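In what follows, a structure is listed as structure tokens, so that the remarks can point back to it.
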Amino acid sequence: QQQQQQPPPQVPAKGLDADVVEGDDGDAAAAATKSSKHVESVVSLAVVLTVLSFASFLAADWLHVDHQDALWSRLLVGLGGLLGVTAILLTYGVGGSRKHASAEGSTWKFFQPLKGGGRFVALQVVGWIFFAFSLLLPLIPVMVGIFYPKTVLTGIIVGAGASAVVSQVLMICSLLAYEDPTKAVRLRRPSAVESFVLSTSDIKWWKSFLGLVGVLAPVGCGIAFIADIYKKNHEIGLSLLLFALTCLTLSMFLTYGLGGLWKHKDRRWQFFQPFSGGKTFVALQALSWTFYSVSLAVFLIRVYAILCRMGVGCNFNIAGLPLDNIPSIFSASVLGMLAQIIGAVSLFTFCGRVDKTAAHVAEERQHSLLDSMAMVFTVVAFYNSEKITVVLVFGSVALASTLPHLVLGCWVLFVCLYLPTFRGRPSQSGHRLKHWVQGHWVFDYFDRYFKLQLLKSDVVLDPKQDYIFGYHPHGILPITCGWAPLTKQFMDKFPGIMPVSLTSSIIHYVPLMRDLCQLCGGFEVSRTGFVNGLKKRKAVILVPGGQVEMIESRSEDQDVIVKTNHKGFVRVGLEVASEPGRTSDVYLVPVYSFGETQVFDNVRAPTSLQRFCVQTLRANVIFLPYGAFFLPGCPRAVRLSLAFADPIKVPRVPAPVSQEHVELLHRLYFSELAKAFDAHKEAAGHGEDTIVLDPPIESLSREEFEIEFARLKPEPTTPRARKPDSRVEEVWIGILLTVVFSLVVWLSLSSPHFSVRWLEQLHDSFEQ
């Protein structure tokens, strides 16, 4: 501007949000200042209310020991709960709306499930869980005191106060990490935390947040003091001990991690930076983490001592020191608070380089170690959802004798809440689909993990038409056809189109796996599911090769076998396109996935035996997929390139559809698939690969197809008798879950730890 001899602009206030130039818009600046002060007041009031809530719960727990002060204890419990609820509503409701809803184009809402970024969602979930604990835990001793006046449960109420403090910390932290969904499409931008730190209008939020973090350590000490008083009550003592440890750990990590980021926002600050930051900083950090480690060791040994007295562990001496002579929990908590104080002081001695802006730091951290670990965990969990279900089922059976009340209660709750999800046959109706899953940040992890690449011509698909995407090859686990259409890259290439996957019917009866499939819009690959998915969602994607093609899949083979036996999807496409009164056209879109066969390998077994299992049992039971590092269920991070052929318009034919029409359209479909394979294999990096159609298909061009299709004059045929949709999988899964539930009930009721004494006492109280 100076070189162009323009008048120098007036310097705005510091920070990313200070975009109002003084003198240009004084009213806007005054409004922004007033809003900032209002937000500061709201957050400060919420912090004070949270501290008062904890103090009320602490006093209520102290008075609860004396039966004469039961009334005051209940009044303090009510006061603490009211203060906690008010603090949360002020922070999230008023503070969140003032901070984010006032922004131009913001979509902030009080209820916005799974929106706002991964960190915001995670912190919100954990924060609301602790908030629920703060409301529910005080009811336990109060209700017991009403029904059993001589019974006193101590330590639970103060745990509610700690939960209120933790929930407030997590709530403020989530608001700092909130990302507007409408602005989250940009890949290269400062992180939400760094943008917030650099904002002068929001610096008060950070001060309130860090101040509340500093309160966590004294809260942990208070809980530890109560735990020492009630250490003879093992159950309550263990709960309080874990609460105190949680408070101290959160205080330590949040002070060092987020506090360091705020203090040194323009330097090379990292959570793990050994021997960096100056000698004083390194010495204080070493002392701080040493104190925290000693405190943590004392806590863990105390936990073990309590478990030994409860009969869970073996009572032995550690380094010749009896468990009873271990330092008290309160002394360990004081050591942990000292560690937090020293860690906070060390932040003021950090000497970092300031040669990078926050935007550059955010760009470097985009693929940080923690983010990469979250990506791998998400992908592996998604590919192994059925294994997680199996582990949970067998784990519950194994623990039924040891923890009968917990296991049986979880199973009863699961049955009551889960059975209604089968209502309306979601596998055929698709009513559990959530449209917000397409473009969700979770599927960015899959995009990055597999380096997804979509290859297509310049032909634009009209979202008003219907499309049948055929995915080839099957590979071992063709889950790519489920998550690829939900990525932002797919939304950019095919705007307005969201194909729902057609999967094996067995998937729709296995808990967790069926939930993931149906939330993403999955239908079962029956004729009913096929037709309903096409009519209701206007686009479906299926894998015609099936399990027969899976048997031939080898990661080292460059000759990829694609089975051409199945023609049912072509027939359904012709039947749907020829329905009377249809206003939209139906198109077939062949898709070839380069790299799909390299994601997994199946355990080597005779091919004939696997084919026998598929033909007899309708599933290849010899199935143990392995991928990266030969680990079962861990997919290899290979590049996946999906090549889309030009759409094939399905002609309308008089009903019933003849086999000649099916055969001819089937030939054109696989000819276009092979053509797309040859056109894109160099760009996909698979120039040496070849596609092997088995059985072979005679090539057919679109012009030849139109000529031969016009010449067809099939003889009148009677409609084919359709087999009813098989429900064998539903029956077998129902029998299996019934057997498992019966086994859990039997093991729980026959366990020596199972007792119905509380039911008898409750019955006697009602009779009295």
Side-chain angles (χ1 to χ4, degrees), residues 92 96 99-100 103 105-128 170-171 173-196 359 361-385 432-454 479-501 512 515-522 635 637 640 642:
Y92 182 72
K99 173 64 185 74
H100 299 294
S106 175
T107 60
W108 170 270
K109 295 180 181 179
F110 187 88
F111 182 71
Q112 43 186 350
L114 300 182
K115 293 182 180 180
R119 291 167 294 180
F120 174 79
V121 172
L123 291 170
Q124 279 283 299
V125 170
V126 181
W128 286 110
L170 296 175
M171 201 63 62
C173 192
S174 69
L175 295 179
L176 302 181
Y178 176 77
E179 298 177 2
D180 196 324
T182 60
K183 302 177 182 178
V185 181
R186 296 174 296 172
L187 296 179
R188 299 290 184 180
R189 68 186 191 285
S191 68
V193 175
E194 288 166 335
S195 299
F196 206 93
V361 175
E363 183 175 339
E364 289 181 356
R365 293 180 186 170
Q366 186 177 6
H367 305 307
S368 62
L369 177 61
L370 184 61
D371 187 62
S372 299
M373 292 174 61
M375 176 185 66
V376 174
F377 175 80
T378 302
V379 173
V380 173
F382 196 89
Y383 272 79
N384 294 273
S385 56
R432 297 185 70 192
L433 167 66
K434 305 300 180 183
H435 290 279
W436 47 259
V437 297
Q438 189 179 33
H440 198 274
W441 56 267
V442 168
F443 298 103
D444 292 341
Y445 283 155
F446 293 84
D447 194 330
R448 283 172 42 199
Y449 187 87
F450 293 105
K451 310 173 189 66
L452 181 65
Q453 181 184 20
L454 303 182
I479 301 181
T480 308
C481 70
W483 60 259
L486 303 177
T487 59
K488 295 174 183 176
Q489 186 179 168
F490 189 93
M491 295 174 64
D492 296 336
K493 295 282 187 179
F494 303 97
I497 298 176
M498 179 182 174
V500 294
S501 56
L512 186 58
D515 300 310
L516 292 175
C517 176
Q518 292 174 0
L519 290 177
C520 296
L640 293 179
L642 273 59

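A quick note: this is a predicted structure, and the numbers were derived from the prediction, not measured. If you read the sequence from its start, that first residue is 1, and numbering goes on from there.
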Give a yes or no answer on whether the side chain of Q489 reaches the backbone of L452 with a donor-acceptor pair at less than 3.5 Å.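 It does hold such a pair.
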Applying side chain to side chain contact (heavy atoms under 4.5 Å, CB included), can you list everything that pairs with L512, at least two apart in sequence or on another chain?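 S385, I388, T389.
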Quick one: list whatever passes side chain to side chain contact (heavy atoms under 4.5 Å, CB included) with V380, sequence neighbours left out.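 Testing V380 for side chain to side chain contact (heavy atoms under 4.5 Å, CB included), a comparison that skips the adjacent residues, returns V376, N384, C634, P635.
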Of all residues at least two apart in sequence or in a different chain, which pass the side-chain hydrogen bond (donor to acceptor under 3.5 Å, both in side chains) check with Q438?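 side-chain hydrogen bond (donor to acceptor under 3.5 Å, both in side chains) check on Q438 returns nothing, list empty.
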With a 4.0 Å cut-off on N to O distance, would you call D447 and K488 a salt bridge?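 Salt bridge between D447 and K488, a charged N being under 4.0 Å from a carboxylate O: no.
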Looking at every heavy atom in both [X] and [Y], which two are closest together, and how far apart are they?
X    : Y    : result
T487 : A484 : OG1-O, 2.8 Å
C520 : V437 : CA-CG2, 4.2 Å
G439 : M491 : CA-SD, 3.4 Å

Do the ring centers of W128 and Y92 come within less than 6.0 Å of each other?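 Yes, the ring centres sit under 6.0 Å apart.
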For the residue pair L642 and K493, establish whether any side-chain heavy-atom pair is separated by less than 4.5 Å.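 Side-chain contact under 4.5 Å: no.
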Tell me, do F450 and V379 make a side-chain contact under 4.5 Å, heavy atoms counted?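 In contact.
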Tell me if the NZ atom of K434 is crowded by more than 12 foreign heavy atoms within 6.0 Å.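 No, the 6.0 Å shell around NZ holds no more than 12 heavy atoms from other groups.
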Taking only residues two or more places apart in sequence, or in another chain, which ones meet F490 in a ring-ring contact (aromatic ring centres under 6.0 Å, His included)?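 With sequence neighbours excluded, F490 shows a ring-ring contact (aromatic ring centres under 6.0 Å, His included) to F494, given in chain and number order.
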Mind checking what makes ring-ring contact (aromatic ring centres under 6.0 Å, His included) contact with F446, not counting sequence neighbours?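 By the ring-ring contact (aromatic ring centres under 6.0 Å, His included) rule, F446 matches F382, F443, W483.
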Taking salt bridge (Lys or Arg N to Asp or Glu O under 4.0 Å) as the definition, give me every residue that meets it alongside D515, ordered by chain and number, with sequence neighbours left out.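 Applying salt bridge (Lys or Arg N to Asp or Glu O under 4.0 Å) to D515 gives R432.
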If you measure from CG on L454 to CG on L640, what distance do you get to the nearest 0.5 Å?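 It is 10.5 Å, given to the nearest 0.5 Å.
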Can you label the angle between the W441 ring and the Y445 ring as parallel, tilted or perpendicular, going by 30° and 60°?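 Because their plane-to-plane angle is over 60°, the rings of W441 and Y445 count as perpendicular.
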